[in-house]
Amino acid sequence: MKKMIIIEDESNKKVNNRLLDNKVFEFILSIVCYALILILMSLLFSSFEISNEYFGLFSVVAALIIYVLNLTIKPVLIYLTLPLTGLTFGIFYPFVNVLILYITSFILGDKFIIKGIFVPFVIAILISLLKMMMEGLIIKPIMERRK
């Protein structure tokens, strides 16, 4: 009769928990930052409106939609527009973010209204800059500290 000895590796569980904690932290930080940018832009520009019902709930919902679209549809859009982005030396890349904002506007209807092309272009650039800053200044140092 043979006996099996099972040894559990505690370090692997800790790594998985850290990874999950980092993803949750990144998700919450992204949603809060996106919502703040959307609220700020709706206050500054009259051609961009977010419904302020329920204490800014629709800005958080829009931020959630933008986050999900950035994870799902944006990689496909970037892949499809890669030749055009290459021909324009990267200038076309913010237009992918503008398209994400217009898809968000389509999903939320009259609670998230975008008029024109200038304001969504500014919002797209701000979101891209904020994402780069979050990665470089907040998320990467925290992940390195946890290792």
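Computed from a prediction, not measured in an experiment: that's the story for all the values here.
Hydrophobic clustering (side-chain heavy atoms under 4.5 Å, transitive across Ile, Leu, Val, Met, Phe, Trp, Tyr) keeps L84 apart from L82. L129 and V122 fall within the same hydrophobic cluster, defined by Ile, Leu, Val, Met, Phe, Trp and Tyr side-chain heavy atoms under 4.5 Å apart, directly or through other members. The hydrophobic clustering, which links ILVMFWY residues whose side-chain heavy atoms are closer than 4.5 Å, places I39 and I123 apart. I107 and I100 fall within a single hydrophobic cluster, where Ile, Leu, Val, Met, Phe, Trp and Tyr are joined by side-chain heavy atoms under 4.5 Å apart, directly or via other members. No continuous path of ILVMFWY side-chain contacts below 4.5 Å connects V98 to I91, so the two sit in separate hydrophobic clusters.
Counting heavy atoms from C-beta outward, K111 and E49 have side chains that stay 4.5 Å or more apart. Inter-residue side-chain proximity for K115 and I113 is flagged as met; some heavy-atom pair is nearer than 4.5 Å. Looking at I127 and N97, their side chains never come closer than 4.5 Å, going by heavy atoms from C-beta outward. With a 4.5 Å cut-off on side-chain heavy atoms, V68 and L64 do not count as touching. Between L99 and F95 the shortest side-chain heavy-atom distance does not fall below 4.5 Å. Between L126 and L130, the closest side-chain pair of non-hydrogen atoms is not below 4.5 Å. Residues N70 and Y34 meet the side-chain proximity criterion, which asks for heavy atoms closer than 4.5 Å. Counting heavy atoms from C-beta on, the side chains of K74 and I78 come closer than 4.5 Å.
Rounded to the nearest 0.5 angstrom, L71 CG and I66 CD1 are separated by 12.0 Å.
The heavy-atom pair separating A124 from P94 by the smallest distance is CB-O, 3.8 Å. Of all heavy-atom pairs spanning L38 and A62, the tightest one is CD1-CB, 3.8 Å. Of all heavy-atom pairs between A35 and A63, the closest is N-CB, 3.7 Å.
Atom CZ of F118 has 12 or fewer neighbouring heavy atoms from other residues, nucleotides or ligands inside a 6.0 Å radius.
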Audit row: V119, I114, side-chain contact (heavy atoms from CB on, under 4.5 Å) steps and yes/no: CA-CA 8 Å; V119 174; I114 299 174; 5.7 Å; no
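Between F48 and F45, the distance from one ring center to the other does not fall under 6.0 angstrom. Separation of the F112 and F106 ring centroids does not fall under the 6.0 Å cut-off.
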